[in-house]
Each structure stands twice: as C-alpha cells, then as structure tokens.
Trainee: 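My questions all concern the structure below.
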2 protein chains.
Amino acid sequence: MNEIEVFKDHLRAAGLKDTVQRKVVLNTFLNTEKHVSVDDLYRLVNRAKRHVGYATVHRTMKLIAESGLAREVMFNDGVVRFDHCYGREHKHHHHLVCTQCKKVIEFSSQALDREEQRILSKHGFESVSHRYEIFGLCRECRQKANRK
Amino acid sequence: MNEIEVFKDHLRAAGLKDTVQRKVVLNTFLNTEKHVSVDDLYRLVNRAKRHVGYATVHRTMKLIAESGLAREVMFNDGVVRFDHCYGREHKHHHHLVCTQCKKVIEFSSQALDREEQRILSKHGFESVSHRYEIFGLCRECRQKANRK
DNA sequence: CCGATATTGAAAACGAATTTCAATATCTTT
DNA sequence: AAAGATATTGAAATTCGTTTTCAATATCGG
Ligand SMILES: [Mn+2]
Ligand SMILES: [Mn+2]
Ligand SMILES: [Zn+2]
Ligand SMILES: [Zn+2]
C-alpha cells in the first residue's frame with residue numbers, strides 16, 4: 001500500500017472527505033525529504049499550487065501524522081516539524097542537529113536499540129515513542145571554526 | 001564550591017547584582033528535586049516567601065541555567081522545565097516519561113554513552129548537548145491498564 | 001441533482017515565553 | 001552614611017507558533 005492509499009484509508013476510516021487541499025498538502029509533503037514545519041509546507045504548497053490556507057495545511061499535517069505517514073519532531077527552536085516515517089526508505093532513526101548551520105543528520109544503531117530494550121525491561125516501562133537528539137557542531141562547521 | 005557559591009560567582013562574573021529575589025528563587029529551586037516549570041517555581045516561591053514576580057522567576061531560572069546549575073528540558077507538553085545538573089548527586093541522565101501518570105524516571109547507561117561516542121566520531125560531530133526521552137507507560141500504569 | 005455532513009480559510013483566540021519601562025534596589029565611591 | 005551609577009523588579013504588553021471559530025463552500029452517497 002503506498003502513501004496515498006494509506007492516507008485515503010485513514011480518511012475513509014474516520015468518515016472524512018478527500019478534498020483537493022488535502023491531496024495537495026500530502027503530495028507536497030511526500031515530495032520533500034526535509035523536516036518541514038507547517039510554515040515551510042504552507043510556503044511550498046502556495047509556491048507551486050493553488051492557494052491553500054495555513055489552517056488547512058496545519059490540519060492536514062495533523063491528519064497525515066495520525067495516518068502514520070509522519071511523526072512530529074521538535075528540535076531546539078520551538079517549532080514542530082514533520083518527519084517521514086512510512087516505508088523501508090524511512091526506517092526508525094534519531095538526529096544529530098548542527099546548531100551552527102542547522103543541518104540535520106539522521107542516524108540509527110542496533111546497539112542503541114538493544115540498550116534501550118534493556119533499560120525498558122529493567123524499569124518495566126512500555127515505550128510508545130522516543131526521541132534521541134544530539135545538538136552540536138557538524139564536521140564542516142567544526143572545520144570552519146578551527147580554521148579561525 | 002556549593003551551588004550558592006557557583007551562582008554568586010556567575011553573577012559577579014557577569015556584573016550582575018545579588019538580589020533578594022534571586023536568592024529566594026535559587027533556594028526554592030535547590031529545595032525541590034522535581035522537574036519544575038517557571039510556573040511551578042513561581043507558585044512555590046510565592047507559597048512560602050515574599051512575593052516575587054513571574055518575570056523575575058523566569059529571568060532567574062535562565063541565569064541559574066547559564067551558571068551551570070540547571071539545564072532546560074522539555075517533555076511533550078510544550079512547557080520548559082528545569083533539571084538539576086550540578087554535583088555528584090545530579091549526574092548525567094535521561095528520562096522515561098509516563099504519558100499516563102506523568103511520572104518521570106531518570107536513567108543512565110554507560111553502554112549508551114559508549115554507543116553515542118561511536119556515533120559522534122563516525123559522523124565527525126561534536127556534541128554540545130543531547131537528550132534521550134522515552135515516552136510510554138510506567139510499570140504501575142501498565143498494571144492498572146491490564147487489570148481492566 | 002439533493003440534501004446531509006464535512007471542509008475551508010480569514011481572523012480571532014490561545015498560552016507560554018519574552019520584553020518594556022518607570023519605579024526601586026544594589027553596590028561602589030566618596 | 002550619603003550620593004551617583006547601574007542593574008533589577010514586576011505589571012502589563014508583546015511576541016509567536018499553534019489551535020479554534022464560524023459562515024460560506026465543497027464533498028459525496030443516494
Ligand atoms: Mn528525521
Ligand atoms: Mn532529570
Ligand atoms: Zn553545521
Ligand atoms: Zn505512569
């Protein structure tokens with residue numbers, strides 16, 4: 001089942017309607033690999049397509065997240081962003097966030113996952129979601145800093 | 001050097017003044033082990049002591065964080081909280097957050113720290129801060145849920 | 001095509017964080 | 001101890017991303 005089908009199923013299951021605006025927002029989201037905010041997406045949508053209101057972009061992103069195609073992430077700027085989380089090409093991962101150039105590097109680690117399991121069972125805790133974010137300087141920004 | 005000295009040094013180094021309000025806010029923070037928000041602290045301060053304004057509590061907490069006695073943490077409710085991070089009794093840790101009863105369990109793991117180091121050097125990334133938070137159900141809330 | 005129902009989007013409301021500014025406290029210097 | 005320079009205080013206003021409101025409009029099953 002592809003992303004568009006997943007979304008349509010979610011709409012149908014909730015008795016919601018399949019509108020032009022929702023299609024446009026979904027396609028715009030699927031066409032970027034960035035960690036986009038509602039505002040980013042609002043601009044992207046209205047750059048290329050017919051006008052869609054900010055509130056609609058916001059509401060559609062919430063629906064996309066509910067449908068399982070995206071999850072909300074928040075780095076250190078107080079803005080919610082949406083991260084793809086459907087399909088093989090978007091497997092589970094965490095982030096290295098460069099505070100200088102704002103680049104976001106994704107990483108994943110089986111050793112980490114195993115250690116998390118150990119911690120969870122030690123505390124009898126059941127995980128629903130988690131986030132692991134490391135803030136600092138990326139290789140390029142470190143080099144620039146050193147050259148000074 | 002104890003916490004109060006660390007804070008006074010920070011004030012002196014920045015040419016700031018040592019006021020009654022700042023002393024009251026710092027002492028109130030030092031007397032709780034909770035992950036307090038500005039609002040929590042504002043209530044605590046004004047329950048026990050003479051009146052201190054919300055803005056002053058906020059500004060003082062920023063100073064306390066700058067001085068290295070606290071760090072800002074944010075769980076999933078859009079409110080900044082302050083976590084102790086000074087002294088042996090407050091070593092580096094991460095959080096398990098129960099979405100049901102709001103309990104916060106702290107954990108730390110050397111295996112995790114080692115794996116983080118490996119990831120950092122793999123990407124040439126220099127860490128300045130990081131956070132690892134797992135959201136879900138604590139042991140007690142799982143048991144309550146199962147009994148139904 | 002016709003309802004019944006959901007959606008849209010501009011504008012307003014929200015809420016935590018942050019700033020403003022005039023009155024006041026602190027601290028250094030006589 | 002008093003004065004002068006500078007920082008602080010706190011009530012209120014402002015900011016800013018998020019979320020809601022509501023009247024006009026679109027969707028969709030029959
Ligand atoms: Mn990502
Ligand atoms: Mn903690
Ligand atoms: Zn960088
Ligand atoms: Zn619980």
Side-chain angles (χ1 to χ4, degrees), chain A residues 4 7-29 35-47 49-67 70-82 102, chain B residues 4 7-29 35-47 49-67 70-83:
Chain A
I4 295 178
F7 188 61
K8 284 197 174 169
D9 275 12
H10 179 73
L11 292 179
R12 207 171 302 131
L16 303 177
K17 287 170 181 174
D18 191 5
T19 67
V20 241
Q21 288 91 340
R22 285 175 179 161
K23 285 194 249 280
V24 168
V25 174
L26 176 59
N27 283 321
T28 308
F29 175 66
H35 297 87
V36 284
S37 65
V38 170
D39 198 67
D40 293 337
L41 219 36
Y42 173 71
R43 287 173 213 271
L44 283 173
V45 162
N46 289 300
R47 176 187 302 169
K49 313 270 184 165
R50 82 213 264 305
H51 178 78
V52 178
Y54 186 94
T56 301
V57 174
H58 168 260
R59 287 181 289 221
T60 305
M61 283 315 303
K62 289 280 177 190
L63 285 177
I64 290 173
E66 279 171 22
S67 78
R71 62 173 176 151
E72 299 189 1
V73 295
M74 188 154 77
F75 302 141
N76 258 356
D77 55 0
V79 181
V80 171
R81 291 164 189 285
F82 293 88
K102 312 299 177 198
Chain B
I4 294 177
F7 188 60
K8 284 198 173 168
D9 275 14
H10 179 72
L11 292 179
R12 208 172 300 132
L16 303 176
K17 289 170 180 173
D18 191 5
T19 67
V20 248
Q21 287 90 340
R22 283 175 181 163
K23 284 193 249 279
V24 169
V25 174
L26 176 60
N27 283 322
T28 308
F29 175 66
H35 297 87
V36 284
S37 65
V38 171
D39 198 67
D40 293 337
L41 220 35
Y42 173 71
R43 286 173 213 269
L44 283 173
V45 162
N46 289 300
R47 176 187 303 170
K49 314 268 183 166
R50 81 213 264 305
H51 177 77
V52 178
Y54 184 95
T56 300
V57 175
H58 168 261
R59 287 181 290 223
T60 304
M61 283 314 303
K62 288 280 178 192
L63 286 177
I64 290 173
E66 279 172 21
S67 78
R71 63 174 175 150
E72 299 188 1
V73 296
M74 188 154 79
F75 302 141
N76 258 355
D77 54 2
V79 181
V80 171
R81 291 164 189 287
F82 294 88
D83 203 355

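Order of the sequence lines sets the chain letters (A, B, ...), proteins ahead of strands, with each chain counted from 1.
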Trainee: For B:Val38, answer base if it contacts any base atom (sugar-phosphate contacts may also be present), sugar-phosphate if it contacts only those atoms, and nothing otherwise; contact means non-hydrogen atoms under 4.0 Å.
Mentor: nothing
Trainee: Are A:Tyr54 and D:dT18 close enough that a side-chain N or O sits under 4.0 Å from OP1 or OP2?
Mentor: yes
Trainee: Does any part of the side chain of A:Val20, heavy atoms only, come nearer than 4.5 Å to the side chain of A:Val52, both counted from C-beta?
Mentor: no
Trainee: Under 4.0 Å between a side-chain N/O of A:Gln21 and OP1 or OP2 of C:dT7, yes or no?
Mentor: no
Trainee: Answer yes or no: is there a side-chain heavy-atom contact under 4.5 Å between B:Ile64 and B:Phe82?
Mentor: no
Trainee: Can you find a donor-acceptor N/O pair under 3.5 angstrom joining the side chain of A:Arg50 to the base of C:dT8?
Mentor: no
Trainee: Quick one: is C:dA6 close enough that its OP1 or OP2 comes under 4.0 Å of any side-chain N or O from A:Arg22?
Mentor: no
Trainee: Between P on D:dA7 and NE2 on B:His10, what's the gap in Å once rounded to a whole number?
Mentor: 15 Å
Trainee: When the distance from CD of B:Glu66 to P of C:dT18 is rounded to whole Å, what number comes out?
Mentor: 12 Å
Trainee: Less than 4.5 Å apart, side chain to side chain, heavy atoms only: is that true for B:Asp40 and B:Arg81?
Mentor: yes
Trainee: Quick check: are there more than 12 heavy atoms from other residues, nucleotides or ligands sitting under 6.0 Å from CZ of B:Arg71?
Mentor: yes
Trainee: Both B:Ser37 and B:Val20 contact DNA chain C. Which one's nearest nucleotide lies toward the 5' end?
Mentor: B:Ser37
Trainee: In this structure, how many angstroms lie between the P atom of D:dT9 and the NZ atom of B:Lys23, rounded?
Mentor: 11 Å
Trainee: Given atom CG of A:Asn46 and atom P of C:dT8, what is their separation to the nearest angstrom?
Mentor: 13 Å
Trainee: Considering heavy-atom distances to DNA chain C, does B:Asp77 or A:Tyr42 have its closest nucleotide positioned more toward the 5' end?
Mentor: A:Tyr42
Trainee: Measure from CG on B:Leu41 to P on C:dA17 and round the result to the nearest Å.
Mentor: 12 Å
Trainee: Using a 4.0 Å heavy-atom cut-off, does A:Asp39 contact any base of the nucleic acid, only the sugar-phosphate backbone, or nothing at all?
Mentor: nothing
Trainee: Below 4.5 Å, heavy atoms only, C-beta onward: do A:Gln21 and A:Val24 meet side chain to side chain?
Mentor: no
Trainee: Does D:dT9 have its OP1 or OP2 closer than 4.0 Å to a side-chain nitrogen or oxygen of B:Thr19?
Mentor: yes
Trainee: Under 4.0 Å between a side-chain N/O of A:Lys62 and OP1 or OP2 of D:dT19, yes or no?
Mentor: yes
Trainee: For A:Thr56 and C:dG9, is the shortest distance between a side-chain N/O and OP1 or OP2 below 4.0 Å?
Mentor: yes
Trainee: Contact between A:Leu63 and A:Phe7 at the side-chain level, heavy atoms closer than 4.5 Å - yes or no?
Mentor: yes
Trainee: Tell me: NE2 of A:His58 to C1' of D:dT18, nearest whole Å?
Mentor: 6 Å
Trainee: Quick one: B:Lys17 NZ to C:dT26 P, roughly how many Å, whole number?
Mentor: 9 Å
Trainee: D:dA26, C:dG9, D:dA11: which one has an atom nearest the side-chain heavy atoms of B:Ala55?
Mentor: D:dA11
Trainee: If each of B:Leu63 and A:Arg59 is mapped to the nucleotide of DNA chain D with the nearest heavy atom, which maps nearer the 5' terminus, i.e. the 5' end?
Mentor: B:Leu63
Trainee: Take the protein atom CG of A:Asp18 and the nucleotide atom P of D:dG29, then report the distance between them rounded to whole Å.
Mentor: 11 Å
